[in-house]
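The analysis underlying the following values was restricted to heavy atoms, covering all of them including side chains, and did not include hydrogens, waters or symmetry mates. Because the structure is predicted, anything quoted here is derived from the model rather than measured.
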Amino acid sequence: GGGYASHGEYMVEKNRKLREQFDAIGQPPGDVADAKPAIFKHLTFWMTGRTCVPDQQLKKLITAHGGVYEQYGFTRVSHIIADNLALGNQTWRELRNRVKRGHIVTSAWVVDCTREGRR
């Protein structure tokens with residue numbers, strides 16, 4: 001159903017559309033002087049669980065500063081945003097095992113980086 005050859009093809013297209021939407025959110029029309037520093041360039045983020053900062057705000061900050069937000073496929077991300085996660089607990093260990101070269105950060109880290117203009 002839906003005109004896709006496989007579920008995998010459907011998910012590829014769904015992720016492409018989501019990236020376009022997040023890019024549009026992060027780059028509102030305006031003057032070039034309004035451009036934000038690309039401190040998250042080449043970084044890909046995924047959120048797990050509840051965050052202290054609203055998820056829509058985080059997505060906007062990430063994309064406005066050159067990053068990519070992935071709705072699905074957290075094995076391809078460079079940063080996982082997770083608040084209220086005790087260092088060393090089972091969930092933390094599972095996330096570390098799934099993302100070998102990734103970093104687990106908090107929503108406050110994202111906000112602080114964008115405020116300071118550096119990571």
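The two residues A64 and K36 have their closest heavy-atom pair at O-CB, 3.3 Å. The shortest non-hydrogen separation linking H79 to V105 is CD2-CG1, 3.8 Å. The minimum heavy-atom distance linking H65 with P37 is given by the pair CD2-O, 3.2 Å. Listed here is the closest heavy atom pair of K60 and T63: O-OG1, 3.3 Å. Among all heavy-atom pairs drawn from C52 and S107, the shortest one is N-OG, 3.7 Å. The two residues W46 and E70 make their nearest non-hydrogen contact at CD1-O, 3.2 Å.
When the shell of 6.0 Å around CD of Q90 is examined, it contains 12 or fewer heavy atoms from other residues, nucleotides or ligands.
I81 pairs with exactly one of T106, T48, I62, I104 by the side chain to side chain contact (heavy atoms under 4.5 Å, CB included) rule, that one being I62.
With contacts defined as side-chain heavy-atom distances shorter than 4.5 Å, the pair Y69/M47 qualifies. Counting only heavy atoms from C-beta outward, the side chains of Q71 and K59 approach each other to under 4.5 Å.
Although no hydrogens or angles enter the test, the distance criterion places no donor-acceptor pair under 3.5 Å between the side chain of T44 and the main chain of S78. A donor-acceptor distance shorter than 3.5 angstrom exists from the side chain of R119 to the backbone of I39, with no hydrogens or angles considered.
Note: Y4 and Y10 have perpendicular aromatic rings, judged against thresholds of 30 and 60 degrees for the angle between ring planes.
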